[in-house]
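Heads up, the thing below is written out as structure tokens.
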There are 2 protein chains.
Amino acid sequence: MGTDSAELRQPVMADVAKLAGVSHQTVSRVLNGAPHVRPDTRDRVLAAIRELDYRPNSAARALVTKRSQTLGVVSFDSTLYGPASMLDGIEQAARSAGYFVSVASLRSLDSRSVQEAVDRLRDQGVEGVVVIAPQISAVSAVAKLSSSVPVVAVGSGNQARVPMVSVDNQAGAAAATRHLLDLGHRTVHHLGGPSGWLESQDRQAGWRQTLEAAGAQAPEVHSGDWSARSGYQAGLRLAEDPEVSAVFCANDHMALGLLRALHEAGRSIPGDISVVGFDDIHEAAYFTPPLTTVRQDFGELGRRALGLLVDAVAGVGHAREHVLISAELVLRRSSGPFATRR
Amino acid sequence: MGTDSAELRQPVMADVAKLAGVSHQTVSRVLNGAPHVRPDTRDRVLAAIRELDYRPNSAARALVTKRSQTLGVVSFDSTLYGPASMLDGIEQAARSAGYFVSVASLRSLDSRSVQEAVDRLRDQGVEGVVVIAPQISAVSAVAKLSSSVPVVAVGSGNQARVPMVSVDNQAGAAAATRHLLDLGHRTVHHLGGPSGWLESQDRQAGWRQTLEAAGAQAPEVHSGDWSARSGYQAGLRLAEDPEVSAVFCANDHMALGLLRALHEAGRSIPGDISVVGFDDIHEAAYFTPPLTTVRQDFGELGRRALGLLVDAVAGVGHAREHVLISAELVLRRSSGPFATRR
DNA sequence: GTACGGTCTGTGAGCGTGAACAAGAAGTAC
DNA sequence: GTACTTCTTGTTCACGCTCACAGACCGTAC
């Protein structure tokens with residue numbers, strides 16, 4: 001009946017305008033901080049906004065400005081510590097840059113799946129996408145679609161054709177390996193990550209190059225899937241080889257499984273075997289024994305990636321930018337000097 | 001200068017319509033699966049869509065339908081295993097329900113912060129919100145704002161005034177405690193989570209009630225902040241008390257720190273002290289020794305929460321629904337029979 | 001007095017889509 | 001043949017906002 005039943009629907013700009021006794025355009029100007037609005041007019045508008053609890057309709061704004069204020073994140077397994085931390089860093093940075101964050105997680109690794117996820121985000125109207133998917137397949141898939149919307153990858157490697165932020169895995173692995181060699185070990189075994197992951201490749205490359213540079217022979221690589229379980233299984237095999245005195249694991253979770261297996265096999269750590277991990281997850285300092293590892297700051301990784309993306313969306317920044325973040329060796333008790341045994 | 005430079009801007013529905021020789025409304029009908037479209041017309045439209053690589057403008061659609069197809073997730077520390085897994089489950093479920101997911105993570109715990117996060121999501125036009133924030137303060141804050149947009153909480157406790165999905169923490173804690181009592185321990189010590197968390201409260205309640213029901217005396221509670229570090233510190237204190245023979249930890253990470261501290265103090269596990277955790281994180285089976293713990297399925301939690309939210313958005317479902325998911329005790333080597341010592 | 005520049009505000013159009021309505025074509029029943 | 005229903009398509013409008021433009025007002029300079 002009455003035209004005043006304003007509670008029934010969300011207030012719109014016109015309602016605010018009427019209440020403040022101005023035109024909708026003036027309300028818009030106040031909202032967007034446009035110049036040339038008289039202070040008392042501005043105050044009346046703001047008061048009306050507060051009174052009605054008015055909130056601008058983002059769809060209407062997006063329709064006319066063609067900007068959704070939303071960035072997308074494609075992530076592979078956001079259950080893992082690394083991806084989860086990066087997502088966290090990305091969200092933080094996006095918020096302070098005034099963007100919303102929409103996520104799409106991958107269920108499988110094939111490039112079609114990446115394609116689908118990015119398409120989904122595009123359909124939603126995101127202005128740019130961060131891909132947390134350090135698989136080779138993913139990165140190459142991403143490179144193809146970077147035409148329609150800016151894409152930034154966070155991961156590893158440098159063969160990507162999109163801007164990228166990554167930890168210097170190779171240098172980190174080299175530092176870990178050199179540390180073990182410096183302790184007197186004749187060589188260092190490697191428990192690598194799954195093939196197809198850039199991080200696996202880079203860490204393995206850092207390890208191998210360091211051994212070669214030192215004139216040490218590189219033993220056969222054992223591979224896991226990042227999980228503690230796979231580290232345990234590899235550990236059982238490594239424990240059978242009396243020559244093994246030092247192992248560099250591609251991540252901390254596998255190192256945990258490895259420690260467990262070596263312990264069960266009666267090997268003392270670091271007395272018999274030294275172990276070094278990668279990541280420095282929060283728990284690493286409380287493993288038995290505390291794990292020497294390579295620290296990488298996932299949150300920083302995410303923030304930097306988002307920074308790059310924001311630049312790309314704004315049209316600033318170079319297309320092939322590649323930010324490399326250094327990793328730091330953290331010494332703990334799981335690594336010790338080589339001791340002659342038996 | 002030609003009007004045919006179609007590459008310059010994204011194609012819109014009218015472009016598809018012109019190419020297919022129909023009106024834009026027919027294109028709309030095809031897109032939305034409306035009835036009464038002749039098969040060959042439909043095919044022509046679909047062909048035109050493919051040829052132009054047309055994608056509907058989601059802002060325009062949202063403007064007219066008043067539906068953004070987006071759900072929001074408020075999360076506290078998505079770096080932790082639990083929240084990260086729930087987020088993953090939520091995203092999966094949202095995708096299959098046809099929704100996008102937008103995240104907002106909290107930097108601090110106060111209810112103003114929760115309010116802000118939810119406001120942010122509302123400004124973006126989300127149709128509903130899942131709050132992963134098992135703090136008492138958060139839940140009460142959420143209850144207030146559930147008026148404007150449907151909200152579902154995932155966490156613990158039952159005092160909430162919004163629909164909620166949670167693990168039966170109390171029963172899980174009771175099972176863990178009973179298990180230790182059954183092993184012959186006279187009582188069970190408790191390393192609790194931070195106060196203010198519903199999960200801390202519920203797990204502590206389950207522990208306490210079980211002890212009381214068994215006629216055992218409940219020792220003073222030690223509290224941590226969920227981290228391995230805090231578990232380690234509590235472990236150092238507990239190790240000083242020769243009466244301690246069994247400890248129930250409110251999560252696995254603290255249990256890890258506790259194991260470390262007890263090990264350093266020369267206590268054997270489970271010989272001297274039995275330890276039980278909560279969560280069953282992937283690593284728990286590879287602790288030294290493998291950890292007896294209470295398994296909860298975070299992914300399932302997230303999926304169920306999203307299911308509830310979708311119902312709420314659709315107007316189905318009861319306002320005060322509370323889904324309780326059971327937790328399961330997983331026996332490993334860290335718990336064993338009480339042995340008289342010294 | 002007129003002219004001009006700056007400040008402030010309002011009007012109208014249009015963004016791309018879905019919904020309501022209208023209208024033509026085709027088939028069925030009498 | 002007409003009347004009626006069902007299928008199929010098109011036209012017009014509205015969603016809520018920003019942008020371009022126009023106009024009103026004020027002060028100052030000539």
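Just so it is clear: chains get the letters A, B, ... in the order the sequence lines come, proteins before strands, and each one is counted from 1. Below, all heavy atoms of this structure are taken into account, side chains as well, without hydrogens, waters or symmetry copies.
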[X] [atom1] - [N] [atom2] separation (whole Å):
X: B/Met13; N: C/dG14; atom1: CE; atom2: P; value: 20 Å
X: A/Leu31; N: D/dT18; atom1: CG; atom2: C1'; value: 11 Å
X: A/Gln25; N: D/dT18; atom1: CD; atom2: P; value: 8 Å
X: B/Leu52; N: C/dG16; atom1: CG; atom2: P; value: 14 Å
X: B/Asp15; N: C/dT17; atom1: CG; atom2: C1'; value: 13 Å
X: A/His24; N: D/dC15; atom1: NE2; atom2: P; value: 13 Å

So, does [X] use its side chain to make a donor-acceptor pair with the main chain of [Y] at under 3.5 Å?
X: A/Asn32; Y: A/Ala34; value: no
X: B/Thr41; Y: B/Val37; value: no
X: B/Glu127; Y: B/Ser68; value: yes
X: A/Arg44; Y: A/Ala20; value: yes

Quiz item: Rounded to the nearest 0.5 Å, how far apart are CD of B/Glu91 and OG of B/Ser96?
Solution: 9.0 Å

Exercise. Taking all non-hydrogen atoms of both residues into account, name the closest pair between A/Pro163 and A/Leu308 and its distance.
Key: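 Looking at all heavy atoms of both residues, the closest pair is CB-CD2, 3.9 Å.
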
So which protein nitrogen or oxygen atoms get under 3.5 Å of nucleotides 6-9 of chain D's nitrogens or oxygens?
from	atom 1	to	atom 2	distance (Å)
D/dT9	OP1	B/Thr41	OG1	2.4
D/dT9	OP2	B/Arg38	N	3.0

Quiz prompt | From CA spacing to verdict: side-chain contact (heavy atoms from CB on, under 4.5 Å), A/Arg304, A/Ile325 | solution = CA-CA 9 Å; A/Arg304 294 293 288 275; A/Ile325 294 177; 4.0 Å; yes

Quiz item: Will you find, in the side chains of B/Gln124 and B/Ser102, an N or O donor that is under 3.5 Å from an N or O acceptor?
Solution: yes

Quiz item: Which angle, rounded to 10°, do you find between the first-five-pair axis and the last-five-pair axis of the helix from C/dG1-D/dC30 to C/dC30-D/dG1?
Solution: 60°

Quiz prompt | Charged N-O contact under 4.0 Å between B/Asp40 and B/Arg42 | solution =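 No, this pair does not count.
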
Quiz item: Looking at residues 56-69 of chain A, who's got a heavy atom less than 4.0 Å off DNA chain C?
Solution: A/Leu63, A/Val64, A/Lys66

Quiz item: So, do B/Val129 and B/Pro150 sit near enough that their side-chain heavy atoms are less than 4.5 Å apart?
Solution: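 Answer no - side chains too far apart.
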
Quiz item: Can you tell if the side chain of B/Val162 reaches within under 4.5 Å of the side chain of B/Val131, non-hydrogen atoms only?
Solution: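 Heavy-atom side-chain distance check fails, nothing below 4.5 Å.
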
Quiz item: Where the side chain of B/Val12 is concerned, which of C/dT11, D/dC17, C/dG16 is the nearest nucleotide?
Solution: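 Closest nucleotide to the B/Val12 side chain: C/dG16.
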
